[in-house]
Asker: 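The structure's right below; bear with me while I get my questions together.
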Amino acid sequence: MILHGYWRSGASYRVRIALNLKGLDYDTAAHDLRKGEQKTADYVALNPQGMVPALQDGDLVVTQSPAILEWLEETHPEPALLPRAANDRAMVRAMAALIGCDIHPLNNLRVLKAIRSTFGADQAGVDAWAAGWIAPGFDALEALIARHGAGWSFGDAPTLADCYLIPQMYSARRFDMDLSPWPRLLEVEKTALAHPAFASAHPDRQPDADA
Ligand SMILES: N[C@@H](CCC(=O)N[C@@H](CS)C(=O)NCC(=O)O)C(=O)O
């Protein structure tokens with residue numbers, strides 16, 4: 001498999017974590033978003049949306065990290081990243097969607113570029129914009145983890161919810177956020193960063209990372 005991604009992309013980071021948790025080997029094809037490499041003709045032929053990640057497996061190209069994660073779960077079911085019971089699976093998917101649908105899309109590169117160019121936002125303005133969407137999402141996650149977590153976001157083993165949470169926390173720090181209001185999130189992050197699958201997925205450990 002080839003993961004088309006970028007070291008700092010949160011959506012690519014989610015997929016790296018899942019691939020590692022499932023013990024799957026993959027090659028990395030890096031597309032530097034700062035240079036617009038996600039918009040080259042060759043890459044857009046692969047992913048018409050011109051965004052990362054995309055996961056290539058022979059003739060198959062899966063785009064959109066939620067679709068990639070679900071595809072990995074269906075094709076490589078063990079270890080499972082969704083609980084067995086339908087009710088529990090719904091809780092994990094809700095946590096993942098909270099981040100994937102309601103936080104991350106408001107803070108990705110093209111939206112930040114637009115608030116700079118359309119509204120003249122400076123870095124402080126961009127950071128405030130990002131924090132304004134991350135903070136209420138983290139408040140809700142803190143409550144959900146209090147309800148469902150037992151060491152991880154849901155239960156006592158890593159799930160898809162953690163694949164979303166850890167990259168979002170990395171991103172929040174890049175926006176200069178103080179994460180101390182969310183102690184449960186910090187506890188889960190501490191556990192995750194000590195786990196080899198999460199540690200080797202970290203942006204700083206990717207082949208295309210800045211020196
Ligand atoms: N919903 C998509 C979001 C993907 C996304 O936002 N990718 C960003 C990097 S994290 C990107 O490629 N941005 C490039 C651009 O906006 O031009 C997913 O989960 O895969």
Side-chain angles (χ1 to χ4, degrees), residues 1-31 33 38 46-108 137 140-141 144-145 148-149 152-171 185 188-189 191-193 195-203 205-206:
M1 284 188 276
I2 303 170
L3 176 62
H4 294 265
Y6 173 61
W7 63 291
R8 270 185 164 159
S9 147
S12 306
Y13 189 0
R14 291 173 196 158
V15 177
R16 292 196 298 266
I17 295 168
L19 286 163
N20 293 345
L21 283 169
K22 289 184 177 291
L24 298 169
D25 278 336
Y26 66 94
D27 292 325
T28 298
H31 303 272
L33 303 187
Q38 74 280 21
L46 207 70
N47 177 2
Q49 207 181 4
M51 296 177 95
V52 294
L55 187 67
Q56 200 173 358
D57 185 22
D59 290 340
L60 177 73
V61 180
V62 188
T63 62
Q64 286 288 341
S65 63
I68 298 170
L69 295 170
E70 293 277 350
W71 179 79
L72 285 172
E73 186 69 0
E74 287 174 8
T75 53
H76 301 86
E78 298 297 334
L81 300 182
L82 284 169
R84 300 261 173 248
N87 295 7
D88 294 345
R89 293 161 90 87
M91 293 307 122
V92 169
R93 287 185 169 121
M95 287 185 188
L98 194 160
I99 296 169
C101 302
D102 295 342
I103 298 180
H104 178 266
L106 293 156
N107 298 323
N108 70 11
L141 282 165
L144 290 169
I145 291 172
H148 300 294
W152 293 86
S153 297
F154 186 96
D156 60 1
T159 64
L160 289 185
D162 304 296
C163 297
Y164 281 75
L165 176 63
I166 303 309
Q168 192 57 60
M169 293 181 76
Y170 169 82
S171 169
L185 270 60
V188 172
E189 185 190 43
T191 303
L193 294 181
H195 187 298
F198 287 80
S200 57
H202 191 279
R205 299 205 33 203
Q206 302 317 301

Asker: Would you say the side chain of Tyr170 lies within less than 4.5 Å of the side chain of Glu189, judging by non-hydrogen atoms?
Answerer: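 A side-chain contact under 4.5 Å is absent here.
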Asker: State, to 0.1 Å, how close Val52 and Ala11 come at their nearest heavy-atom pair, and which atoms those are.
Answerer: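 Heavy atoms of Val52 and Ala11 come nearest at O-CB, 4.3 Å.
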Asker: How long is the straight-line distance from OG1 of Thr75 back to CG of Leu24, given to the nearest 0.5 Å?
Answerer: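 Here the rounded value is 7.5 Å.
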Asker: So which heavy atom on Phe154 is nearest to which on Met91, and how close?
Answerer: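 Closest pair (atom of Phe154, atom of Met91, distance): CE1-CB, 3.7 Å.
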Asker: Examine distances only and state if a side-chain atom of Glu73 and a backbone atom of Leu81 form a donor-acceptor pair shorter than 3.5 Å.
Answerer: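 Yes: the side chain of Glu73 pairs with the backbone of Leu81.
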Asker: Nearest 0.5 Å please: distance from the CZ atom of Phe198 over to the CZ atom of Arg205.
Answerer: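 So the CZ of Phe198 and the CZ of Arg205 are separated by 14.0 Å.
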Asker: Do Thr28 side-chain atoms and Ala30 backbone N/O form a donor-acceptor pair below 3.5 Å?
Answerer: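 No: the side chain of Thr28 does not pair with the backbone of Ala30.
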Asker: Do you know which two heavy atoms are closest between Leu98 and Gly137, and how far apart they sit?
Answerer: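 Minimum heavy-atom separation between Leu98 and Gly137: CD2-O, 3.6 Å.
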Asker: Apply side-chain contact (heavy atoms from CB on, under 4.5 Å) to residues Leu19 and Met1 and explain how you reach the verdict.
Answerer: CA-CA 10 Å; Leu19 286 163; Met1 284 188 276; 4.1 Å; yes
Asker: Supply the atom-to-atom distance Leu193 CG to Met169 CE, rounded to the nearest 0.5 angstrom.
Answerer: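 Nearest 0.5 Å value for the CG-CE distance: 8.5 Å.
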Asker: Would you give the length of the straight line joining atom CD1 of Ile166 to atom OG1 of Thr191, rounded to the nearest 0.5 angstrom?
Answerer: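 Answer rounded to 0.5 Å: 8.5 Å.
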Asker: Measure the spacing between SG of Cys163 and CG of Leu21 and express it to the nearest 0.5 Å.
Answerer: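 One finds 5.5 Å between SG of Cys163 and CG of Leu21.
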Asker: Between His104 and Tyr164, is the ring centroid distance below 6.0 Å?
Answerer: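 Ring centroids of His104 and Tyr164 are no less than 6.0 Å from each other.
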Asker: So do Ser9 and Arg16 actually touch side chain to side chain, heavy atoms under 4.5 Å?
Answerer: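 They are not in contact (no side-chain heavy atoms under 4.5 Å apart), so the answer is no.
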Asker: Begin from the C-alpha positions of Gln64 and Glu70 and carry the test side-chain contact (heavy atoms from CB on, under 4.5 Å) through to its verdict.
Answerer: CA-CA 10 Å; Gln64 286 288 341; Glu70 293 277 350; over 6 Å; no
Asker: Apply side-chain contact (heavy atoms from CB on, under 4.5 Å) to Leu55 and Leu72, showing your working.
Answerer: CA-CA 10 Å; Leu55 187 67; Leu72 285 172; 4.1 Å; yes
Asker: Below 4.5 Å, heavy atoms only, C-beta onward: do His202 and Tyr13 meet side chain to side chain?
Answerer: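 Result yes, sub-4.5 Å side-chain heavy-atom pair found.
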Asker: Looking at every heavy atom in both Val188 and Trp152, which two are closest together, and how far apart are they?
Answerer: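 Looks like CG2-C, 3.9 Å.
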Asker: For the residue pair Ser12 and Leu3, what are the closest heavy atoms and their distance?
Answerer: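 Between these two residues, the closest heavy atoms are O-CD2, 4.2 Å.
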Asker: Check for a donor-acceptor pair, side chain of Asn20 on one end and backbone N or O of Ile17 on the other, with a separation under 3.5 Å.
Answerer: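 Not at all, since once roles are kept as given, no pair shorter than 3.5 Å links the two residues.
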Asker: Measure the acute angle between the ring planes of His76 and Trp71, then classify it against the limits of 30° and 60° as parallel, tilted or perpendicular.
Answerer: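 Perpendicular.
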Asker: What pair of heavy atoms forms the shortest contact from Asn47 to Pro53, and how long is it?
Answerer: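 Looking at all heavy atoms of both residues, the shortest contact is ND2-O, 4.2 Å.
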Asker: Just by modelled atom types, is the Leu160 backbone N or O under 3.5 Å from a matching donor or acceptor in the Arg14 side chain?
Answerer: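 No: the side chain of Arg14 does not pair with the backbone of Leu160.
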Asker: Determine whether a donor-acceptor pair (N or O, by modelled atom type, separation under 3.5 Å) exists between the side chain of Gln206 and the backbone of Ala201.
Answerer: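 Yes; at least one donor-acceptor contact below 3.5 Å.
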Asker: Decide yes or no on side-chain contact (heavy atoms from CB on, under 4.5 Å) for Asn108 and Met51, but give the supporting numbers first.
Answerer: CA-CA 10 Å; Asn108 70 11; Met51 296 177 95; 3.8 Å; yes
Asker: Are Leu141 and Ser153 side-chain neighbours, meaning at least one heavy-atom pair lies under 4.5 Å?
Answerer: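 Sidechains of Ser153 and Leu141: no contact.
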